[in-house]
Each structure stands twice: as structure tokens, then as C-alpha cells.
Protein chains: 4
Amino acid sequence: MARATRTAGTGGTGPSATRHHGNRHGRSEQARLAVLNAADDLLVEKGFAGVTMEGIATRAGVAKQTIYRWWSTKTDVLMDAFLQDVAEDLAVRDSGDLPVDLRAYLRDLAWFLSASDSGAVFRALIAQAQHDPAFAQDFRSRCLDQQRRRDRRTLERAAERGELPPGLDLVAEADQLMGPLYYRVLVTGEPVGQDFTDRLVDAFLHRHGLTAPATG
Amino acid sequence: MARATRTAGTGGTGPSATRHHGNRHGRSEQARLAVLNAADDLLVEKGFAGVTMEGIATRAGVAKQTIYRWWSTKTDVLMDAFLQDVAEDLAVRDSGDLPVDLRAYLRDLAWFLSASDSGAVFRALIAQAQHDPAFAQDFRSRCLDQQRRRDRRTLERAAERGELPPGLDLVAEADQLMGPLYYRVLVTGEPVGQDFTDRLVDAFLHRHGLTAPATG
Amino acid sequence: MARATRTAGTGGTGPSATRHHGNRHGRSEQARLAVLNAADDLLVEKGFAGVTMEGIATRAGVAKQTIYRWWSTKTDVLMDAFLQDVAEDLAVRDSGDLPVDLRAYLRDLAWFLSASDSGAVFRALIAQAQHDPAFAQDFRSRCLDQQRRRDRRTLERAAERGELPPGLDLVAEADQLMGPLYYRVLVTGEPVGQDFTDRLVDAFLHRHGLTAPATG
Amino acid sequence: MARATRTAGTGGTGPSATRHHGNRHGRSEQARLAVLNAADDLLVEKGFAGVTMEGIATRAGVAKQTIYRWWSTKTDVLMDAFLQDVAEDLAVRDSGDLPVDLRAYLRDLAWFLSASDSGAVFRALIAQAQHDPAFAQDFRSRCLDQQRRRDRRTLERAAERGELPPGLDLVAEADQLMGPLYYRVLVTGEPVGQDFTDRLVDAFLHRHGLTAPATG
DNA sequence: CAGTAATCGAGACGGTACGTCTGGTCTTCGG
DNA sequence: CCGAAGACCAGACGTACCGTCTCGATTACTG
């Protein structure tokens, strides 16, 4: 909900800035944000089936045609809503120490995937990708790739610092490290507390001989 | 498709065995199988969105009400279809040797998840579980639990044989071993060849000091 | 997912009469009449533009699909509504005396065309026939022909009684007699009082030497 | 189509005549004619339902707002298009002989109403007048009155020449004479050949003792 | 010779209704 | 009682037009 307010409360923000409702010079930013917000809110409140083009239009105070002008399906809208929000809900910290950063990131990722609003959108999009191969491709190139890059970031920084053996396939390592977390959230639905994520990190560190914590 | 034929071509199976079209003697097995088949076929042919109650009814030559009498939603139908087929498409072998059995199972599981018909149904159900928490619970207890038990079987047998250290949390181990495979199929959509599954097995074995394979 | 079904609590109106809401044995008479009524009412209240399929459905408490199942357009609905009502709003009297009956019928017809509810529907249908040739053909065979037959009836009876010269083209005579009335209602929109219709009748009678009233 | 060319082919008409695209001192005649033409063409090609403000704008190469600036509805546009054309498609001849002129005019009127392009527009406008009383009033004062004056012209000239009895109500006589023709075109849709119109004229003449034609 | 005022093409906007599709419910009849 | 058939209410789908609006460019008068 923070989104719309940012622009809606224009008050006397700028001189005569972005006041247009859509004309030859481009679309209405106001309508765009209202749509993204409405989609987001509906997903969180009523679930994926409760997100309909009509519902979004009504809730956003926007004409259906305005939505169809810029997005082709409700999942397309949700994808934009996700891209708008994800940066705020999942940041990558950098303390310069791999074990510390890794533990922090997996904890944050677990929260993002299982508890945040944009995580709910993310899960819905992954689900839709199972149902629709064409959407899957679009989703991967527009959302998932950057998400995986984020997931790899901590390892890459450590590799640059020399904390990891050279020549390591970081993509494969990241998939092996994060995979069980995604699996748990998406498939088994079991809780993902810090104990769970820490165990994954420990296994990773141990695998590369970085520390040998007797976590048990 | 084998399913329906089994019953439809009754020919001279029995005296006048399961010949009823639905009367006071219980539901029609013929109708039940036709429905499951139709749902299955529609999913494979047209994707999840192409599976509708009306479509199933038409394709199965059955009245809509007949479906609603026994199933509540199309995903409910698909779940039954899945349970009917999964046993055939994913078996657990037992050679008595952990590395061998593990490599074989992960290869089979990869094929099952990414290429088999029942795997397609499975993915659709997992997707639906993201969209609908109530369905998720039902799906987990009726389908997923047994799937995870199957995934664990090889490890359990090895543990019984003493090939694995005692006191190991087999559930956690299995999740960590299979997680990246599910992740790859459901999320990244990248191919899951034997090289990929073997690498997962090798990491698992190495983690427990069972072999020290030079990667490659 | 129990849906709140709203059924008119008719109590125990009849034995077990027409209680069905549409099943394999035919359509719901209740729905049919509700639709015709709603269309009629909307036309009278809001004019032709105020008659919409959605509006009819809402007002009739009927699903849009139910309308489209039995009628193709709103004018199709209006045509049925007209056929349902016309008999009540325009009757042909028979006193056995041509001048008397003719004066009475033209007066009734004038009221029907310009002031009755079904006359309003009739005018709307004639208008639509100007806009759509395909509809025009349908309208003429289903409504107009019987209307013109009604318009001719009085003359035909008089001819049978020998009050009119034999061999007269009654169709042409009727068109010439009624034409100016329709013209006045549809085109000029001027009032059609009894003085006006009587003058038409007098001209007709004079044309055939039946009476020679010096009408001023 | 003749219309636009008339102005479009400015060639060397005037010095720098009507070349403006609309500025503070008046509207663009070019746009005006393009709109009227487009409306006319659309009506003839696709029928009344095929005439839309958007369609007119596109076909005329004009912005929607330009249309709304000068006309309020599509029927308003059609009315102007009609006024632009009617004079060319229906002229009143004057030979000085009532029977001759009357026969000629009714023949021309029949062709105008049933076969000409502006007649098609005229019928569409009459139809719209049935649907919309406010439009009806506007249409009658701006189009119909002059049309009825044209219809009366021949009789008026004959009256001035003394060919008709003095004190005759020419309005009523014209309505009674033309009414059946309008009725036939607008309501029954039957063909209006010269035999039909001549018979109307003969009845009129006989009614006033001008000739005594043996009917048929 | 700038400034102003009205026009024009373009097209996004909030809406309404369209005609279609699917979801679930209900009723009737045959076996 | 079950199953086939199919009519029913409900409501979302994606499209077509409606009438309003804002924009930048154009053009003739006005000061």
C-alpha cells in the first residue's frame, strides 16, 4: 500500500509535475501504481483466485481497458507488482564475512519466500509458471534470473575476496545451497526457521572445508 | 490411456461383472475411470487451463453432475488421477548398494518430475497448492507425504543395512539431497540430466565420507 | 462452496405444476415471462437505449446466458414481448356495420400505435427494421403480417357481407386507408385524434360511394 | 463521395482559400466534409450499427474530439450529412400541369425514399426518431418540416393556378396522398413502382373530381 | 513581430454493455 | 439410487465504443 501513497499525496510536491491522466505523452503513472497495488492487495487478501482483472480494475478505480492496454493477463500485472516491490523486501547485506552474510541472507530469503507480501506474489508466479510454459519463459527472464543473481551475490563477493576456492561453479553451488530452502517453502510447506537455514549454510561451509561446526 | 481400455473393452471379462452404468449398487467404475482419464489427457494435451469440469465431462462422456457428485474441483480429479498412475511411473529399486540405488532413483525421479505424464500432473498439483492453502493441506496428506516417503526409502534401507551413520536425520538428509532437484524442475526449469543428479548424489556421499569422487 | 440460491418462495401455489426451473424437458416458463416483462418495462420506462441485455437480466433476476440461450438480440426479446401483449391491446370489433366498425378500429389503432405500451414496442421494432434489413424480414413475417391482417379484417368482413363492391383489392385499399395513420404516428408525430381517423374513414367511404358526408 | 472531392480538389480555386486546418477564426471545412462523407459512406456500407463515432473519426482521418466539438451524436452527424445531400437527390419539377407533376414527384419520392443514399440516411433518422423523442423533435424541425414542405409544393402551385378547389387543407391532402407511400417504404417494405404511385395519384385526382380514371 | 486563442490529430482515461465461457446447483427421466 | 442430459443463476472474460481529457503543433488574428 505504501506505493500509491507515495504518488497519490502529490499535494504541492513539484511545480506541475506528473499530473496528467494519460495522454499522447505516455501513460498515467497514477493508474499504473493503482493497478499494481490493487493486484498486490487482492492477492494477499483473497488469494490467487481472488485476483481478477475486473477486481483489480474496480479496486484500482481504473477501467478494464486501461489494464488490458498495458498488461495481457493478471499474472502479467502481478509480475510488475513483484518487480516493483522485491527490492524493498529482500536486500543483500555485505559485512565482508562469508559465514555471517550467508546466514543472514538465507534467513532473509526464508522470510521473504514464506512470509512477505512480495514473497506471496513470487510463489503465485512460480505456480503459474508450472501451468503455462509460455508464461514460465517470460517469468524466468524478467523475474527469476535477477532473483537467482541475488541469491548468488554473497557467494560471488566471497569468491572475489578469495574466501572460496577458485574455479568453483557458483551457479551450481548456489542452487545446491538454496534449493532445499525453495523446496521446503514451495513443496513441503514446513516452517523455515533460522535453525533450518543455518543447517544449510553449515553443510555448505563444511562441504568446502571452511569451518567444521558441530551444530548437532 | 491404458486405464480406460482396461475396463471399457470388457469383452468377456466376467459373467456380467462390473457392467452397471450406475444404479443402486454403487458408483460406476466405468464413469470413474473415464473421468480420471479425461482429466489426465486434457492436462497433457492442453495444459492446466485446458482442464475444465465441462471439458472433462464432455471428453469422458459423463454428466457434469456425475463429476461433482464424487469430486469437488478439477484439482481434486487430478489428484485421483495422479494417485492412480504414480506407482507405475516411479518405482524404487533395491540393489543393496546405496550409491548405485541413489544414482538410479534420482535419475528416475528426474525423469518422473520433468518428463512423465503423471509428473506433469504432480507439478500442476504443486502449483495449485501455492494458490490455495486448503488444497495444499489436502494435497500434502494425500499425495505428497507418500511421495516424500518414496524419496526417503533408499536412504532408509541403507541405514538399516548400516551403510549410513546411525542417528542421522533421514528426513532432513533427503530434503537436502532432493531439494535441489525439485528446485531445478519447479523453479529454474533447467534440464535435469544424469550429470546433474549424479553430482547431487556425489555431494551427499562425500558429505558423509562414503566416497571421494573426483568431480568429473 | 455452497452458493446462495435465491428461489422465489412460491409456497404451495399449485399441485406440482410448472415448478421446474429448466431441465431436460424444456425451458423455464417463469424465466421466459420475467424476461419479456423486464424488456417491456425497460422500454416504457427508459426508452429503447435503456433496454440492454444486462439490464433485462438484472431486472428479470435471470442470468444473461439464459437470455442468450433463447433470444439472439434485445430486439428479438422485444418481438416476443410484443407478440405476448398485442392481442390484449388491439382487438377487432364486429358490429356488422362497416362505417361503424371502421371508425372504431381506426380509433383503437390510433390509440394502440401512439399511446399503448405494446404500441411503443411496435414502434421500436419498426425503427429497428429500418436499421437492420435482416431483422426487418424476420419482424415482417413474425409480427407485421398478422398486424396487417388485423388491419384488413374489418374490410374483409364487409366484403363478405357484400357491403363493398366485389373484386376490390382489399390489401391495397387497407394500405391506402391506414397508411396516413401510420405515417402520422411514425413520421410527423402529430396527434391522431378521432377527428383525424374519422376523416380517413370518410374519404374511404366516399371513394367507394358508400356515404357522402360533407365533412366540412 | 462527390462531396469531399468538391472541396478537396482545391487546386487553384482561390488565392489561399479554405486551406486552414482549424484555427481561432473558424473550423476546418476540410474536416467537416470528411466527417459528413465518412458517416454517409459508413451508413451505406455497413448499416446504421456500423456507424460509430470512432469509425467516422478513423475513416475521416479526424480526431474524435473534433467530431464532438461540432456534433453531439452520430445521428447529429447523419442529419447534417442528409441536409447536405437531400437537395441533389430530390428535386420538385414544375410543368404547370398538376397530374403530370404529381405523378413525376411521387415517382421521384419513391426512388428517393427507397433507393437513394440520402434516402437511406433519411430512413435511419426516422428510425432514430422513434427511439429518442428529444432527437425526434430536433429532426422534425431541422429536416422533416422542409421535407413535408417539398412534398406539398406541387399541390400548392396547382392551388395557386386554380387547379384545385379553394379552401382545401393542403397539409391534410398531402399527408393523405403521401402517407401510403411512406407507410409502404417504412413499414411493409414492399416495392414502390410507378404503378403504385400512379394509383395513389389517381385516387387523389378522383377524390377531387379532376379526372375519372377507370381503376385498372 | 511576438503573444494569444482557437483549431487540429492523437490517444489515454473511466465507464457501460457486449456476447462468450465456465463454475456449481438443480430437476427430470431411464435403467 | 445412479447417471445422462441440460436448463438455471452467477460472474469473469476480453472487446468495442462511449464521451472526456490533455497534450504539442499549427495558424491567424491581435496588440
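Keep in mind it's a predicted model, so treat the numbers as computed, not measured. A note on names: the letters A, B, ... follow the listed sequences, proteins ahead of strands, and every chain is numbered from 1. Heavy-atom basis, side chains included; hydrogens, waters and symmetry copies ignored.
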*Asks:* Quick check against the 3.5 Å criterion: does Lys74(A) have a side-chain atom that pairs as donor or acceptor with the backbone of Val51(A)?
*Replies:*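 Yes, Lys74(A) side chain to Val51(A) backbone: donor-acceptor pair under 3.5 Å.
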*Asks:* Within the structure, does a side-chain N or O atom of Thr66(A) lie under 4.0 Å from either OP1 or OP2 of dA12(E)?
*Replies:*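 Indeed not, no polar side-chain atom of Thr66(A) lies that close.
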*Asks:* Rounding to an integer number of Å, can you tell me how far Trp71(C) CH2 sits from dC8(F) C1'?
*Replies:*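 Distance check: Trp71(C) CH2 to dC8(F) C1' gives 13 Å.
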*Asks:* It should be established whether Arg69(A) places a side-chain nitrogen or oxygen under 4.0 Å from OP1 or OP2 of nucleotide dC13(E).
*Replies:*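 For Arg69(A), the contact criterion (side-chain N or O under 4.0 Å from OP1 or OP2 of dC13(E)) is met.
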*Asks:* Counting distance alone, no hydrogens or angles: does the base of dC21(E) have a donor or acceptor under 3.5 Å from a partner atom on the side chain of Gln65(C)?
*Replies:*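 Yes, the side chain and the base share a sub-3.5 Å donor-acceptor pair.
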*Asks:* Which residue, Asp80(D), Thr66(D), Asp76(D), forms the side-chain hydrogen bond (donor to acceptor under 3.5 Å, both in side chains) with Trp71(D)?
*Replies:*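 Single pass found, and it is Asp80(D).
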*Asks:* Counting only heavy atoms not in Gln65(D), do more than 12 fall under 6.0 Å of its CD?
*Replies:*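 It does: Gln65(D) CD has more than 12 such atoms within range.
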*Asks:* From C-beta outward on Trp70(C), which listed nucleotide comes closest to its side chain: dC8(F), dA10(F), dC18(E)?
*Replies:*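 From the listed options, dC8(F) comes nearest.
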*Asks:* Using modelled atom types only, decide if a donor and an acceptor are shared between the side chain of His131(A) and the backbone of Ala124(B) within a distance under 3.5 Å.
*Replies:*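 Checking the backbone N and O of Ala124(B) against the side chain of His131(A), a donor-acceptor pair under 3.5 Å is found.
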*Asks:* Please report the distance, rounded to the nearest Å, between CD in Gln30(B) and C1' in dA4(F).
*Replies:*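 Roughly 13 Å, once rounded to whole Å.
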*Asks:* Under 4.0 Å: is that the gap between some side-chain N or O of Ser28(A) and OP1 or OP2 of dA12(E)?
*Replies:*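 No, outside the criterion.
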*Asks:* Checking only heavy atoms, does the side chain of Lys64(B) share a donor-acceptor pair with the base of dG24(E) at less than 3.5 Å?
*Replies:*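 Counting by modelled atom types and ignoring angles, a donor-acceptor contact under 3.5 Å is found here.
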*Asks:* On DNA chain F, does the nearest nucleotide to Gly55(A) precede the nearest nucleotide to Gly55(D) from the 5' side, or the other way round? Give the residue.
*Replies:*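 With Gly55(A) and Gly55(D) compared, the 5'-side residue is Gly55(A).
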*Asks:* From C-beta outward on Tyr68(B), which listed nucleotide comes closest to its side chain: dT25(E), dC17(F), dC8(E)?
*Replies:*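 Nearest nucleotide to the side chain: dT25(E).
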*Asks:* Ser72(C) or Ala63(A): which one's nearest nucleotide on DNA chain E is closer to the 5' end?
*Replies:*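 Here Ala63(A) is the residue nearer the 5' end.
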*Asks:* Rounded to the Å, how far apart are Arg27(D) CZ and dG9(E) P?
*Replies:*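 Arg27(D) atom CZ is separated from dG9(E) atom P by 12 Å.
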*Asks:* Taking the six-membered ring of Trp70(D) (Phe, Tyr or Trp), confirm whether the NZ or CZ of Arg32(D) is under 6.0 Å from its centre and within 45° of its axis.
*Replies:*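 No, Arg32(D) does not lie over the aromatic ring of Trp70(D).
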*Asks:* Could you check how far CD1 of Ile67(D) sits from P of dG11(E), rounded to whole Å?
*Replies:*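 Taking CD1 of Ile67(D) and P of dG11(E), I get 15 Å after rounding.
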*Asks:* Take atom CG of Leu42(C) and atom P of dT16(E), then tell me their distance rounded to the nearest Å.
*Replies:*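 My rounded result for the distance is 16 Å.
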*Asks:* In terms of side-chain heavy atoms of Glu54(B), which of dG23(E), dT15(F), dC8(F) is nearest?
*Replies:*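 In terms of side-chain proximity for Glu54(B), the closest of dG23(E), dT15(F), dC8(F) is dG23(E).
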*Asks:* Can you measure Glu29(A) atom CD to dT22(F) atom P for me and round it to whole angstrom units?
*Replies:*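 In whole Å, dT22(F) P and Glu29(A) CD are 18 Å from each other.
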*Asks:* Atom CE of Met53(B) and atom P of dT25(E): how far apart are they, to the nearest Å?
*Replies:*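 After rounding, the reported distance stands at 10 Å.
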